Engineer: 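I am attaching a structure below and will ask some questions about it afterwards.
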Amino acid sequence: MTEIVEILLSASFWAAVLRIASPLIFATMGELICERAGVLNLGIEGIMVMGAFAGWMAVYAGLGLWPGVLFALLAGMAFGAVHAVLTVPFGLSQHVVGLGITLLATSSTYYAYRLSLPEVTSPPRIEPFQPLEWPLLERIPVVGEALAAQTALTWLAFAVVVVVALVLYRTPLGLALRAAGENPQAVESQGLSVTAIRMGAVIAGSGLMAVGGAFLTMSAFSSFFFEMVNGRGWICIALVVFGAWKPGKALLGALLFAGFDALQIRLQQTGLGQIVPYQVFLMIPYVLSILALVLMSRRAEVPAALMTPFNRGDR
Amino acid sequence: MTHEDGAQDTVLRLTGITKRFGALTANDDISFGLARGEVVALLGENGAGKTTLMNILFGHYTADAGTVEVFGRALPPGQPGAALAAGVGMVHQHFTLADNLTVLENILLGTRPLWAPGLGRAAARQRVAQLSRDFGLAVHPDARVGALSVGERQRVEILKALYRDARILILDEPTAVLTPQETEALFETLRRAVAQGLSVIFISHKLHEVTAISSRVLVLRHGRLVGEVATARTDRHRLAEMMVGAEISAPAPSVARPGAVLLELDGVETEAQGNATGLRGVNLALRAGQITGLAGVSGNGQGALADLLSGLAAPSAGRMTLGGAEVADWSPRAAVAAGIGRIPEDRHRTGTIADFTLTENAVLESYARQPVSRRGWMDRAEARRRAEAIIAAYDVRCPGPETRIRLLSGGNMQKLILGRVLEAAPSIILANQPVRGLDIGAVTYVQERLIAARDAGAAVLLISEDLDEVLALSDEIRVISEGRLSPAFPRGSRSPAELGQWMAGHGFDDAA
């Protein structure tokens, strides 16, 4: 018990929570935008893999870190555009298209990797984002130390939450987006294009997912390997539900999941780790997430038109 | 003001509008004009093409031929945005509101450029409050639309149009979902709007509303404009004739010749389901060749009785006998097998499967048996033959048997259900609100078919909240109140006022 308290009071724990949460936050916000507009984007897992590769490769090829992030963003938007064309104007099954995009993005990443680095056995490292310098912040115990350990991308993740919330709730664009996911007829009858709004949301959201992937190679680690996304995309889909399709709550969910994850790694080192098999610890974040999901999402309001294609002139 | 006032007052003109859906011509060369400050009623049966015409005017559909002019300028086809900008506002029959947004947000949707930095809520709130006062449309701007009543939602829809400075207001079946008080409030709002120079197109199939609010009536039938008349120079009877194209008369059933008791309930009780009343000690005998009408205020156990007869619920006490034998295992399938034909209350939810074709819906109760299925394989050709027979015999207007049933109007959907039930030659027919929401032509048709089934020897239980309908059709009347059933009253033995006393719950204890 005292060991858990010790962990919770350590700066390194909280620094890890923020670091683990960051890619989840980017991708969750991306998925949330898509779903609020009425499109389930199951391409998320593949787009994150691809984003991780694209950002890392851009830096390796000589672009700077920020141009690398931008490159990942654009690459994500490109895959998002494919998803959007298939699901919105063509109205194809969002499940099938999403899984297809995940397979396509993952395998094209593999292909691109083999093409660009044909003779490499272990992937090269890049110089990743470094923690920002905060002379004063560092002196605040625990909280300050944890914040000071973060890179600019983590700060950007939190800024994205604020921007997404502001756009959703305070602008005509956000209003139209929320309405498109609830009752596209309402949008159509006000002379707006449901197709344009939904496609825009999927493309922008996919861009954010790719940046979430890029965080892994450009901030958390300094290299690319294929298993690194490791189901984070699927977690983000659950986080959107956990957050009841609201940015603030989804952020909370991402932090909570990251908290469980950071905790279980540290618990493995404690006395408990000697008795309990480490696989049990690995399960903790998922089990607790399922529990939290059950508790939180029972009264959540699903966007009413989620996964319902909209065709003009249909009766 | 009427349309004779001269061309410069014409705010809207439709010329030669034609629209086809597959083989069905929904609108056939329709032309008319609308003057400033007038209410024109667009009258027609379900499926006559009223909604299609208005959807073309508003830009939801693109017409195959014809033009729309607003204030002298041609509207580009298929662009709701252009219609809105030209001053046309439409209140759809199925509201186009987003439930997750507030009233104010719904009104603001689409009113500012998408890339504008803010919503301008404060100014909008004032403007909405002003409009609410001016037009008598009370609704709280910060309420979530999902929590509003149907009447309030309609007010939001009207406010949406007014907020955008609509000069022409189209209301598609606005009263279908309203209580009489709400309807009166709506009419008051429309009168105020007209007084301020707006023009209104009012779509309805309810004659008394049309005569109450409009100055001119346009009648559509089978997609054609068949009549145009000043409201002051006509009456309901003549409008009804124009609508259905023939002299109509309420069916007057001949004297019944009751036969054997086919179904008997003896002291039957059922469990209450949530808020729905259960049955309490119900005794009932349904005889061959007789229509038993069940009158009562909605929610007094009609649902429980209907569920019992259709096999959805079993008695918790008492005896239920069918053709002399006591019923043991009771299920919907047993009910169908026992020859009970069921016309359910909600044709959309329980009567049909919306995304199935007419063919599939036509065999919903017979698909698993001969001759539609043999050795576990369905004979689609046979199913289709059955659907085609029903479509022909019951005048179901549709593009064809492979159409999804959701595309049909309510009346045509009901005719298909009626055909499905009657073609199985049931010995007992449960008709729960069989004509609710239907237009006159369809009402008369359904009622005549039920009488014909009675004359052929079926026992009919007619459940209706419309006392006039019960009085007109029933050979004997029962009143239901709080799950209890009154004694049987033969035709003509009780006045509406006396039945009203029973409906209010008086008399049961004396009779018991």
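We use all heavy atoms of the structure for the numbers below, so side chains are in, but hydrogens, waters and symmetry mates are not. Everything numeric here is computed off the predicted structure, so don't read it as measured data. Every chain is numbered from 1, with letters handed out A, B, ... down the list of sequences.
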Engineer: Please flag which part of L97(B) lies under 4.5 Å from any non-hydrogen atom of chain A: side chain, backbone, both or neither.
Structural biologist: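 Backbone of L97(B) only, per the 4.5 Å heavy-atom cut-off to chain A.
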Engineer: Out of N183(A), V187(A), V167(A), which one racks up the most heavy-atom pairs below 4.5 Å with chain B?
Structural biologist: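 With the most close heavy-atom pairs to chain B, the winner is N183(A).
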Engineer: If you count heavy-atom pairs under 4.5 Å with chain B, which of P172(A), P303(A), P184(A), A186(A) comes out on top?
Structural biologist: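 Of P172(A), P303(A), P184(A), A186(A), P172(A) has the most heavy-atom pairs under 4.5 Å with chain B.
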Engineer: Hydrogens and angles aside, do S409(B) and N412(B) bring a side-chain donor and acceptor to less than 3.5 Å of each other?
Structural biologist: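 Short answer, yes.
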Engineer: Which answer fits A304(A), side chain, backbone, both or neither, if we ask what part of it has an atom under 4.5 Å from a heavy atom of chain B?
Structural biologist: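 Contact with chain B is absent: no heavy atom of A304(A) under 4.5 Å.
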Engineer: Aromatic ring centroids of F21(B) and Y61(B) under 6.0 Å?
Structural biologist: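 That pair passes the under 6.0 Å test.
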Engineer: So, applying side-chain hydrogen bond (donor to acceptor under 3.5 Å, both in side chains) with R404(B), which one of T352(B), D355(B), N361(B) is it?
Structural biologist: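 In the set T352(B), D355(B), N361(B), the residue that makes a side-chain hydrogen bond (donor to acceptor under 3.5 Å, both in side chains) with R404(B) is D355(B).
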Engineer: Of the backbone (N, CA, C, O) and the side chain (C-beta and beyond), which part of L192(A) lies under 4.5 Å from a heavy atom of chain B, both, or neither?
Structural biologist: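 When you check distances to chain B, only side chain atoms of L192(A) fall under 4.5 Å.
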Engineer: Please flag which part of L101(B) lies under 4.5 Å from any non-hydrogen atom of chain A: side chain, backbone, both or neither.
Structural biologist: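 Side chain of L101(B) only, per the 4.5 Å heavy-atom cut-off to chain A.
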Engineer: With no hydrogens and no angle check, just 3.5 Å: does a side-chain donor-acceptor pair link T96(B) and E188(A)?
Structural biologist: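 Their side chains do not contain a donor-acceptor pair, so the 3.5 Å distance test is not met.
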Engineer: So which part of H94(B) gets closer than 4.5 Å to some heavy atom of chain A, the side chain, the backbone, both or neither?
Structural biologist: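 H94(B) has no heavy atom closer than 4.5 Å to chain A.
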Engineer: Is the terminal nitrogen or CZ of R167(B) (NZ for Lys, CZ for Arg) located under 6.0 angstrom from the six-membered ring centre of F71(B) and within 45° of that ring's axis?
Structural biologist: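 Verdict for F71(B): no cation-pi partner in R167(B).
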Engineer: Is it the case that the ring center of Y286(A) lies less than 6.0 angstrom away from the ring center of F257(A)?
Structural biologist: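 F257(A) vs Y286(A): aromatic centres under 6.0 Å.
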